[in-house]
Amino acid sequence: MARLRIKEILEQPAIGTEINVKGWVRAFRSNRFIQLSDGSTIHTLQAVLDFEQFEEAVLKKITTAAALSLTGTLIESQGSGQTVELQVAKIEVLGEAAPDDIQRTVMQPKKHSLEFLREQAHLRFRTNTFGAVFRIRHAVAYAIHKFFNDKGFYYIHTPIITGSDAEGAGEMFRVSTLDPKNPPLNEDGSVNFNEDFFGKQVNLTVSGQLEAELAALALGQVYTFGPTFRAENSNTSRHLAEFWMVEPEVAFNDLNDNMDLTEEFLKYICSYVMQQCADDLKFLDDRDFSDQQSKPQAERNELRLTERLQFVANNPFKRITYTEAISILQNSTPYKKKKFKYEVEWGTDLQSEHERYLVEKEFKCPVIITDYPASFKAFYMRQNEDGKTVAAMDVLFPGIGEIVGGSQREERLDVLLEKCKAFNIHEEELWWYLETRKFGSVPHAGFGLGFERMIMFVTGMSNIRDVIPFPRTPQNAEF
RNA sequence: GCUUCUUUAGCUCAGUCGGUUAGAGCAUUUGACUGUUAAUCAAAGGGUCCCUGGUUCGAGCCCAGGAAGGAGCGCCA
């Protein structure tokens, strides 16, 4: 007999037919009712058995988290909590779970803190919250590929191991096969990386952008979607040492095209999740709501999770320049009352407190800030006519902060060479990147989306460690 | 890396002014009940009070050092 998944059973219940279902016990009540979950949906299937028809020894093994194969007839439920239920004729215990062992785990049938769940990342998949989060994570990944594919983008696999350390995006993890205790040395005592696996020093990538640009200048519009690594000692709820990034790159696009693409893209993801993940989203929406209720009034979100997604999907993002942002901040109440901890002055970078003010107090919607001073942005961003600013953009989301960073790229070789000098970047290391500016160089633009930050936004989870199955953070790579 | 808070039963927490035998809810076990939905009712078991040292007649509580975790900041996506 074919096994059916609970999602299929609940969507199209074939009342009266005999079926088989396999899954894990969530609850066993009154020696009669099994709540079975198989991960296909957040919902459980209620299985009903007549305990007089089964051996005591078998019933004893139906404990929380045990794996069962149940065969029986699908009938309309007599209870009020569900429309259909399985009338069980045959029980096979596939995997037992001793209650004393379960007690020590997150499968213990009660509410748990996210911190406790994080310590058991191998088991937290079994919970409703993480089931919902990771089903949505999958859906967003799929939506991203669908969005770009439907627009004629090509998915480019950029390398994970890279030899250039010029991106300037952060500290890198070194990759080496040399004996750390006894590496080959040069005459001056430094490590001789010529003898390393690649014959040079290499690192885990911090961004696929530079390679994506090469592809965009031939295939037109491309994107990368892969893991990236930062060896920064960042201890926050928004940073991971290993995270996934989406980086589209489009030939012939300028900064405005880039903003249009970003906005359409982020709206698409929100709409997709609302349409395709309604059940999981509803669960997380309720979870987020009760979470908000326990916070002091001032820290509460005015909108529920689904309302926040709807808001992003249906309202235009506010677009302002860095110069305008500075002026708005300097005229703001907290500035006049000296509530900001950091200075607001043209030429210094915006701090988290400034970004939060703009997004959460001034505009109350996603904000795109453009045309930052060149001094604190990357070397590859295109110099504006004023000579002071570059065609950069940051997309700021409520509660998350910077979710997207992007720019129009510098396509003029002479300007780019000047920037390399100014940023102390050795031309010979980036010869392959610079060379594209010699052969039919054109304006182009792209951005990077922090995938996990997007998942935080659509799931309402407030710690980035709870939206990736096995988080990598300083001092923690347990699983 | 910096600031700050937390650490007591399997989990979430309370623990008064430093004073006798450290508590609650949930979870677990046992019994009762049996169309339940966070089942209900009754009972039982369960403790390195994070670690080390100190002050004191006496420390879960005070002091010093350390460890782990959270939140915020910086860096960024």
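Reminder, nothing fancy here: chain letters follow the sequence lines and each chain counts from 1.
Closest to the side chain of A:Glu85, out of B:U34, B:U36, B:G74, is B:U36. Comparing B:G72, B:A39, B:U29 by their nearest atom to the side chain of A:Ser237 picks out B:G72. Each of B:G10, B:C73, B:A77 was ranked by its minimum atom distance to the side chain of A:Phe243; first place goes to B:A77. With B:U28, B:G74, B:U30 as the candidates, the nucleotide lying closest to the side chain of A:Lys60 is B:U30. Of the candidate nucleotides B:G74, B:A77, B:U37, B:U37 has the atom lying nearest to any side-chain atom of A:Gln35. Comparing B:A77, B:C75, B:U37 against the side chain of A:Gln82 picks out B:U37 as the nearest. Residue A:Pro109 places its side chain closer to B:U28 than to any other of B:G70, B:C75, B:U28. Distance from the side chain of A:Asp349 is smallest to B:C76 among B:C76, B:G74, B:A39. For A:Asn235, counting side-chain heavy atoms from C-beta on, the closest listed nucleotide (B:A27, B:G35, B:G1) is B:G1. For A:Asp100, the side-chain atoms get nearest to B:U28 when compared with the rest of B:U28, B:U12, B:C76.
When all heavy atoms of A:Phe28 and A:Ile34 are compared, the closest pair comes out as CD1-CG1, 3.5 Å.
The residue from A:Pro398, A:Cys270, A:Pro366 that alone fulfils the side-chain contact (heavy atoms from CB on, under 4.5 Å) condition with A:Phe311 is A:Pro366. With respect to A:Tyr380, the side chain to side chain donor-acceptor pair (under 3.5 Å) criterion is satisfied by exactly one of A:Gln209, A:Glu213, A:Lys419: A:Gln209.
Here, B:A9 and B:G47 have their P atoms 11 Å apart, quoted to the whole Å. Here, B:A27 and B:U20 have their C1' atoms 31 Å apart, quoted to the whole Å. Atom C1' of B:U28 sits at a distance of 9 Å from the matching atom of B:G46, rounded to the whole Å. Rounded to whole Å, the separation between the P atoms of B:G10 and B:U6 comes to 23 Å. For the C1' atoms, the distance from B:C61 to B:G23 is 15 Å, rounded to whole Å. The gap from the C1' atom of B:C13 to that of B:G70 amounts to 16 Å, rounded to the nearest Å. Taking atom C1' in both B:G60 and B:U4, the straight-line distance is 23 Å, to the nearest Å. Comparing B:C62 with B:G19, their P atoms are spaced 11 Å from each other, to the whole Å.
The distance between atom CD1 of A:Ile403 and atom C1' of B:C76, rounded to the nearest whole Å, is 13 Å. The distance between atom CZ of A:Arg32 and atom P of B:C33, rounded to the nearest whole Å, is 14 Å. Distance CD (A:Gln120) to P (B:G69): 15 Å, rounded to an integer number of Å. Between A:His112 atom NE2 and B:U28 atom P the separation is 10 Å, expressed in whole Å. Rounded to an integer number of Å, the gap from A:Phe28 CZ to B:G35 P is 14 Å.
Aromatic ring centroids of A:Tyr154 and A:Tyr223 lie 6.0 Å or more apart. The ring of A:Phe147 has its center closer than 6.0 angstrom to the ring center of A:Tyr268.
In this structure, A:His354 and A:Phe340 have perpendicular ring planes: the angle between them is above 60°, well past the 30° mark.
Not a single donor-acceptor contact under 3.5 angstrom links the side-chain atoms of A:Glu115 to the base of B:G69. Evaluation of atom-type donor-acceptor distances gives no pair under 3.5 Å for the side chain of A:Ser234 against the base of B:C76. A donor and an acceptor atom sit less than 3.5 Å apart, one in the side chain of A:Gln46 and one in the base of B:U36. Interface remark: the A:His239 side chain does form a donor-acceptor pair with the B:C76 base, using a distance-only criterion of under 3.5 Å. Under 3.5 Å, the side chain of A:Arg238 and the base of B:C73 form no donor-acceptor pair of N or O atoms.
Counting non-hydrogen atoms of neighbouring residues, nucleotides and ligands closer than 6.0 angstrom, the CD atom of A:Gln293 exceeds 12 such neighbours.
Residue A:Arg26 places no side-chain N or O under 4.0 Å from the OP1 or OP2 atom of B:A38.
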> After noting the C-alpha distance and the side-chain angles of A:Phe265 and A:Phe447, does the key distance pass the ring-ring contact (aromatic ring centres under 6.0 Å, His included) rule?
Replying inline: CA-CA 11 Å; A:Phe265 173 62; A:Phe447 64 83; 5.8 Å; yes
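Counting heavy atoms from C-beta outward, A:Arg472 and A:Leu240 have side chains that stay 4.5 Å or more apart.
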> Pairing of RNA chain B as dot-bracket, 5' to 3': ( ) intra-strand, [ ] crossing, | other strand, . unpaired, with Watson-Crick or G-U pairs under 3.5 Å?
Replying inline: (((((((..((((.....[...)))).(((((.......))))).....(((((..]....))))))))))))....
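We find that the ring of A:Phe33 and the base of B:G35 do not stack by the test of centres under 5.5 angstrom and planes tilted less than 30°.
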